[in-house]
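Just so you know, ligand 1 is whichever comes first in the structure, and atom 1 is the first atom listed for that ligand. These figures come from a predicted structure and were not determined experimentally.
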Amino acid sequence: MTETDLRISIVTEPDMLEVSDLLEKTITAAFVYEGIAESNAVELRHEISGKIDELKRFLREQPAGEHWLAAQSGDKIVGVIASGEPTEIIQRHLPDLGDTPEIKNAYVHPDYQSHGVGTRLFMAMLRRLRDYQVAQFVLDTGYSAAQKYWTRRLGPPEMSLQDYWGPGFPHVIWRCLVTEAIDRATS
Ligand SMILES: CC(C)(COP(=O)(O)OP(=O)(O)OC[C@H]1O[C@@H](n2cnc3c(N)ncnc32)[C@H](O)[C@@H]1OP(=O)(O)O)[C@@H](O)C(=O)NCCC(=O)NCCS
């Protein structure tokens with residue numbers, strides 16, 4: 001896969017099965033990587049079905065202010081990213097958000113990770129939010145690998161909920177200006 005080979009587009013109904021499959025594979029691989037797949041088998045199924053339900057709801061209702069983008073290499077969808085209403089954890093800990101969206105569901109197929117797909121998707125989503133006059137966004141994660149990934153891109157998080165997922169497993173939340181995140185990513 002080359003950089004120029006990658007196409008970013010809006011997720012539409014015909015993509016449903018392929019994106020669902022991508023979510024299942026990527027979330028399973030992330031749980032395995034974190035060493036929690038066996039001890040959290042029920043949570044893993046719940047996480048996958050929750051994300052697929054979110055995708056189906058988006059395709060069915062097309063809510064204003066919600067976006068799903070896909071990265072395609074050849075005829076294969078290799079990654080997705082979304083934005084929309086912040087999850088309950090974020091809303092509970094940052095009650096003053098107003099209509100600030102969350103950038104969420106950044107998932108790149110395990111075979112295509114570390115080739116710049118996530119960065120391309122993130123940039124495309126930032127530009128889309130800027131085009132929609134969105135000033136700031138929030139983003140959160142409980143995965144330790146993703147915490148390092150986003151800290152490299154966004155700096156230290158605004159909030160780190162220590163031991164949220166068990167001793168030594170924090171949940172972290174960022175709140176960032178869209179323009180600053182674009183500048184940071186392109187500098
Ligand atoms: C987190 C995730 C979305 C990142 O996507 P990705 O495509 O792997 O990310 P990128 O390739 O853009 O960046 C990863 C690394 O590859 C490097 N990279 C970027 N372009 C590259 C290229 N063309 N060739 C080689 N390496 C490259 C980047 O510099 C980056 O390293 P850094 O983080 O030390 O700066 C992806 O790994 C993933 O789906 N993880 C599992 C699920 C998850 O945790 N999702 C996030 C939930 S919040």
Side-chain angles (χ1 to χ4, degrees), residues 1-8 11 18-37 40 43-52 54-55 67-74 76-91 93-94 100-129 137-161 164-165 169-176 181-187:
M1 185 189 66
T2 61
E3 287 272 319
T4 47
D5 179 34
L6 207 64
R7 236 168 17 90
I8 309 287
V11 175
E18 198 179 352
V19 175
S20 298
D21 188 54
L22 169 83
L23 291 170
E24 168 138 24
K25 283 204 175 70
T26 310
I27 295 168
T28 303
F31 268 60
V32 169
Y33 182 83
E34 299 283 327
I36 56 170
N40 289 271
E43 289 80 359
L44 172 57
R45 290 315 315 167
H46 183 74
E47 184 71 8
I48 293 167
S49 60
K51 297 299 177 188
I52 293 175
E54 235 183 274
L55 169 68
H67 310 273
W68 278 74
L69 301 177
Q72 210 165 330
S73 175
K76 187 176 161 63
I77 293 176
V78 297
V80 289
I81 196 165
S83 68
E85 193 184 358
T87 50
E88 195 259 333
I89 303 181
I90 298 179
Q91 295 198 32
H93 290 92
L94 296 177
T100 301
E102 175 188 357
I103 294 185
K104 52 185 158 182
N105 302 342
Y107 293 111
V108 174
H109 189 290
D111 295 347
Y112 291 82
Q113 288 176 11
S114 295
H115 289 85
V117 178
T119 305
R120 283 278 303 275
L121 280 165
F122 182 52
M123 279 306 294
M125 184 56 80
L126 288 173
R127 292 198 175 107
R128 191 166 173 84
L129 293 181
F137 66 94
V138 286
L139 187 153
D140 73 339
T141 186
Y143 298 121
S144 64
Q147 287 171 3
K148 293 191 188 99
Y149 177 84
W150 292 115
T151 300
R152 283 193 289 273
R153 269 146 198 84
L154 302 172
E158 172 166 335
M159 193 171 278
S160 182
L161 307 169
Y164 190 89
W165 300 108
F169 292 96
H171 190 84
V172 301
I173 307 174
W174 287 264
R175 172 172 18 196
C176 306
I182 291 174
D183 290 347
R184 198 180 169 116
T186 50
S187 64

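- Contacts of Arg152 with ligand 1, taken as heavy-atom pairs under 4.0 Å, involve the side chain alone.
- The closest approach between any non-hydrogen atom of Arg153 and ligand 1 is below 4.0 Å.
- Ligand 1 has no N or O atom lying under 3.5 Å from any N or O atom of Ala30, backbone or side chain.
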| query | Under the side-chain contact (heavy atoms from CB on, under 4.5 Å) criterion, do Thr26 and Gln113 qualify, and how do the steps go? | reply | CA-CA 10 Å; Thr26 310; Gln113 288 176 11; 4.0 Å; yes
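- The Asp140 neighbourhood of ligand 1 comprises atoms 48 (S), with distances under 4.0 Å to a heavy atom of that residue.
- Considering backbone and side-chain atoms together, Thr119 places an N or O closer than 3.5 Å to an N or O of ligand 1.
- Of the heavy atoms in Phe122, none comes closer than 4.0 Å to ligand 1.
- A salt bridge is defined here as a Lys NZ or Arg NE, NH1 or NH2 lying under 4.0 Å from an Asp or Glu carboxylate O, and Arg175 with Glu102 fails to meet this definition.
- Every atom of ligand 1 with a heavy atom of Thr26 under 4.0 Å away is listed here by number and element: 39 (O).
- Ligand-side atoms of ligand 1 in range of Ala146: 44 (O), 46 (C), range being under 4.0 angstrom from any heavy atom.
- With values rounded to the nearest 0.5 angstrom, Ser73 atom OG is found 5.5 Å from Tyr112 atom OH.
- Atom numbering of ligand 1 starts at 1 in the shown order; those under 4.0 Å from a heavy atom of Trp150 are 48 (S).
- The contact set between ligand 1 and Gly118, taken as ligand atoms under 4.0 Å from a residue heavy atom, comprises 5 (O), 6 (P), 7 (O), 9 (O), 12 (O).
- Using bins of under 30°, 30° to 60° and over 60° for the plane-to-plane angle, the ring pair Trp150/Phe122 lands in the perpendicular bin.
- The ligand atoms of ligand 1 that sit less than 4.0 angstrom from a heavy atom of Thr141 are 48 (S).
- Evaluated by nearest non-hydrogen atom to atom 25 (C) of ligand 1, the leading choice among Ser114, Ala145, Ala29 is Ser114.
- Interatomic distance, Leu126 CG to Ile81 CD1, rounded to the nearest 0.5 Å: 7.5 Å.
- Between Arg184 and Cys176, the closest side-chain pair of non-hydrogen atoms is not below 4.5 Å.
- Of the heavy atoms in Tyr149, only side-chain atoms (C-beta onward) come closer than 4.0 Å to ligand 1.
- Using a 4.0 angstrom heavy-atom cutoff, Leu139 does not count as in contact with ligand 1.
- Partner His171 forms a side chain to side chain donor-acceptor pair (under 3.5 Å) with one of Tyr143, Tyr164, Trp165 and no other, that one being Trp165.
- Met123 CE to Arg128 CZ: the interatomic distance, rounded to the nearest 0.5 Å, is 15.0 Å.
- To the nearest 0.5 angstrom, Glu24 atom CD is 4.5 Å from Ile48 atom CD1.
- Taking distance alone, with nitrogen or oxygen atoms compared against 3.5 Å, Tyr143 stays at or beyond that limit from ligand 1.
- The distance from atom CG of Asn40 to atom CZ of Arg45, rounded to the nearest 0.5 Å, is 13.5 Å.
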